[in-house]
Asks: 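Once you've had a glance at the structure underneath, I'll fire off some questions.
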Amino acid sequence: MDLEALVDFNLVAAHGGFGRAGRISGRSKATLSRHVSELEQSLGVRLIERGSQSLRLTDEGLSLHERTDGLLSEIAEAGEAIVLGASTPRGRLRVSAPMVFAHVALPRIGARFALAYPEVKLEIVAEDRKVDPVEDGYDLVIRIDPSPDERLIGRRFLNDERLIVASPDMPCPQPAPDGGPSIVKAVLLSATPPNVVWRLKSDSEDEVLFKPEPILRFSSLLMVRDAVLAGAGAAVLPKLLAEGDVEAGRLVCWGTHAGPSVEIWALQSSRRLVGAKVRAFLEVMEKAFPARVFVRPS
């Protein structure tokens, strides 16, 4: 078999179409189609059934894809491993990140990386959907509080607190006389469950409780933050998102929320080696959070 044709067949099979495979790989649809046809002719079997709107693998095509895709990845990774230690970061680097983290942190981090590594073409995509690094063509995905996934490996590089914040014109309510939660006008995320109670982290035995009374609900933390800045109410926000406004006096912090902290992870496909460009990007990102970085796993 022609290995180049086999590689292109696996690209089309993995991404479900010539157009999608072409966009992700940078190869033309015509070249991909020609190579797949040549492969079919050399094997004497139909590998892909082409419809007007979609395509599907035949049984023979599915079998060939399952038996060769992993082998081709191992060959590519073996070549990369030879030059990995001394190689200079170069080439295309695609990173997917959640909207809030991307807008708050990654413009500065991306600029530092671009200046430090001019031979890398960095592309950062801000999106809240759960992407697949292989199928969607990403070298690295950043996720907040990710659930375990054996197909992905990576490291937790940031552990962020949640703060209860409000505008300076909104006084912090006094504790309720009966020890129950104090009612406070609040801006909440749309997904916040009813009857939620905010608990302030405290070293004393007496808990400070707030019962948020929703004034506004938004689907985005950026929108929640902006509404709090406008004086609509209090909110629970990640420290990363709120600390700049607190330091500038645009918001006041009532305290740290006693709930779980925010974990932010950088992940990639477990089938890929950590290349020089990915390693370099992680190092730049970790330097941006020196006080909150977790020790790398050995």
Side-chain angles (χ1 to χ4, degrees), residues 97-109 126 128 142-147 156-265 285-286 288-294:
M99 294 288 290
V100 171
F101 184 80
H103 283 278
V104 172
L106 290 185
R108 296 187 303 274
I109 291 173
D128 285 332
I142 297 172
R143 290 186 180 168
I144 297 175
D145 293 331
S147 53
R156 175 178 53 181
F157 68 90
L158 177 59
N159 189 42
D160 204 28
E161 298 176 315
R162 289 181 170 93
L163 306 180
I164 302 177
V165 297
S167 75
D169 298 329
M170 183 176 180
C172 181
Q174 297 297 315
D178 59 358
S182 301
I183 305 297
V184 57
K185 293 182 179 180
V187 184
L188 303 178
L189 281 173
S190 301
T192 302
N195 301 319
V196 67
V197 174
W198 296 343
R199 290 176 169 81
L200 278 181
K201 187 181 293 184
S202 174
D203 295 331
S204 66
E205 295 183 359
D206 297 328
E207 276 192 317
V208 180
L209 306 177
F210 297 112
K211 173 61 178 172
E213 179 183 293
I215 301 299
L216 288 168
R217 288 181 180 267
F218 292 108
S219 61
S220 163
L221 281 173
L222 292 170
M223 298 169 72
V224 171
R225 190 270 312 271
D226 289 348
V228 175
L229 285 169
V236 174
L237 294 176
K239 185 176 181 180
L240 181 67
L241 179 58
E243 63 182 343
D245 293 310
V246 172
E247 292 172 357
R250 294 184 291 268
L251 293 176
V252 293
C253 178
W254 292 354
T256 301
H257 192 269
S261 60
V262 179
E263 292 186 1
I264 305 181
W265 287 67
M285 192 160 56
E286 288 180 347
F289 308 105
R292 306 179 199 169
V293 170
F294 277 71

Asks: Kindly indicate, with the supporting measurements, whether the criterion side chain to side chain contact (heavy atoms under 4.5 Å, CB included) is fulfilled by V224 and L188.
Replies: CA-CA 7 Å; V224 171; L188 303 178; over 6 Å; no

Asks: Between T256 and L200, is there a side-chain heavy-atom distance shorter than 4.5 Å?
Replies: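 No. Closest side-chain heavy atoms not under 4.5 Å.
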
Asks: Looking at side-chain heavy atoms only, is the closest gap between L221 and L241 below 4.5 Å?
Replies: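 Heavy-atom side-chain distance check passes, below 4.5 Å.
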
Asks: Rounded to the nearest 0.5 Å, what separates atom CG in L106 from atom CD1 in I142?
Replies: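 The CG atom of L106 sits 5.0 Å away from the CD1 atom of I142.
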
Asks: Begin from the C-alpha positions of L237 and V165 and carry the test side chain to side chain contact (heavy atoms under 4.5 Å, CB included) through to its verdict.
Replies: CA-CA 7 Å; L237 294 176; V165 297; 3.8 Å; yes

Asks: Has R162 got a side-chain atom pairing as donor or acceptor with P238's backbone, closer than 3.5 angstrom?
Replies: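 A pair under 3.5 Å: no.
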
Asks: Around atom NZ of K185, are there more than 12 heavy atoms from other residues, nucleotides or ligands closer than 6.0 Å?
Replies: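 Open: at most 12 neighbouring heavy atoms sit under 6.0 Å from NZ of K185.
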
Asks: Between M99 and A126, what is the shortest heavy-atom contact and its length?
Replies: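 Scanning both residues, the minimum pair turns out to be SD-O, 3.3 Å.
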
Asks: Less than 4.5 Å apart, side chain to side chain, heavy atoms only: is that true for M170 and V184?
Replies: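 SC-SC contact between M170 and V184 confirmed.
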
Asks: Would you say the side chain of V262 lies within less than 4.5 Å of the side chain of E161, judging by non-hydrogen atoms?
Replies: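 Counting from C-beta outward, E161 and V262 never come under 4.5 Å.
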
Asks: Please check if the side chain of D145 supplies one atom and the backbone of E263 the other of a donor-acceptor pair under 3.5 Å.
Replies: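 Yes, D145 side chain to E263 backbone: donor-acceptor pair under 3.5 Å.
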
Asks: Angle class for the F157/F101 ring planes (parallel below 30°, perpendicular above 60°, tilted otherwise)?
Replies: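 Because their plane-to-plane angle is over 60°, the rings of F157 and F101 count as perpendicular.
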
Asks: Could you give the distance from CG (D128) to CD1 (I144), rounded to the nearest 0.5 Å?
Replies: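 That separation rounds to 8.0 Å.
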
Asks: Would you please test H103 and L222 for side chain to side chain contact (heavy atoms under 4.5 Å, CB included) and show each step?
Replies: CA-CA 9 Å; H103 283 278; L222 292 170; 4.1 Å; yes

Asks: A side-chain contact here means heavy atoms from C-beta on lying under 4.5 Å apart; do C172 and W254 qualify?
Replies: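 Answer yes - side chains close enough.
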
Asks: State, to 0.1 Å, how close R225 and D245 come at their nearest heavy-atom pair, and which atoms those are.
Replies: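 For R225 and D245, the tightest heavy-atom pair comes out as CD-OD2, 3.4 Å.
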
Asks: Can you find a heavy atom in the side chain of W198 that is under 4.5 Å from one in the side chain of L209?
Replies: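 No, their side chains stay 4.5 Å or more apart.
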
Asks: Would you give the length of the straight line joining atom CH2 of W265 to atom CZ of R143, rounded to the nearest 0.5 angstrom?
Replies: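 That separation rounds to 12.5 Å.
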
Asks: Side chains of V228 and V187: closer than 4.5 Å at any heavy-atom pair?
Replies: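 Heavy-atom side-chain distance check passes, below 4.5 Å.
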
Asks: How about P212 and V196: do any of their side-chain heavy atoms sit closer than 4.5 Å?
Replies: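 With C-beta onward as the side chain, the pair touches.
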
Asks: Tell me the closest heavy-atom pair linking Q174 and S182, and the distance in Å.
Replies: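 Closest approach of Q174 to S182: O-OG, 2.7 Å.
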
Asks: So, D160 side chain and K239 main chain: donor-acceptor pair closer than 3.5 Å or not?
Replies: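 Checked: pair present.
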
Asks: How close do P168 and G249 get, counting heavy atoms only, and between which atoms?
Replies: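 Of all heavy-atom pairs spanning P168 and G249, the closest is CG-O, 3.3 Å.
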
Asks: Give the minimum heavy-atom separation between P181 and V197, together with the two atoms involved.
Replies: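 Heavy atoms only, the tightest pair is CB-CG1, 4.4 Å.
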
Asks: If only atom types and distance count, is the side chain of S167 paired as donor or acceptor with the main-chain N or O of L229 below 3.5 Å?
Replies: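 Side chain of S167 to backbone of L229, a donor-acceptor pair under 3.5 Å: no, none is there.
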
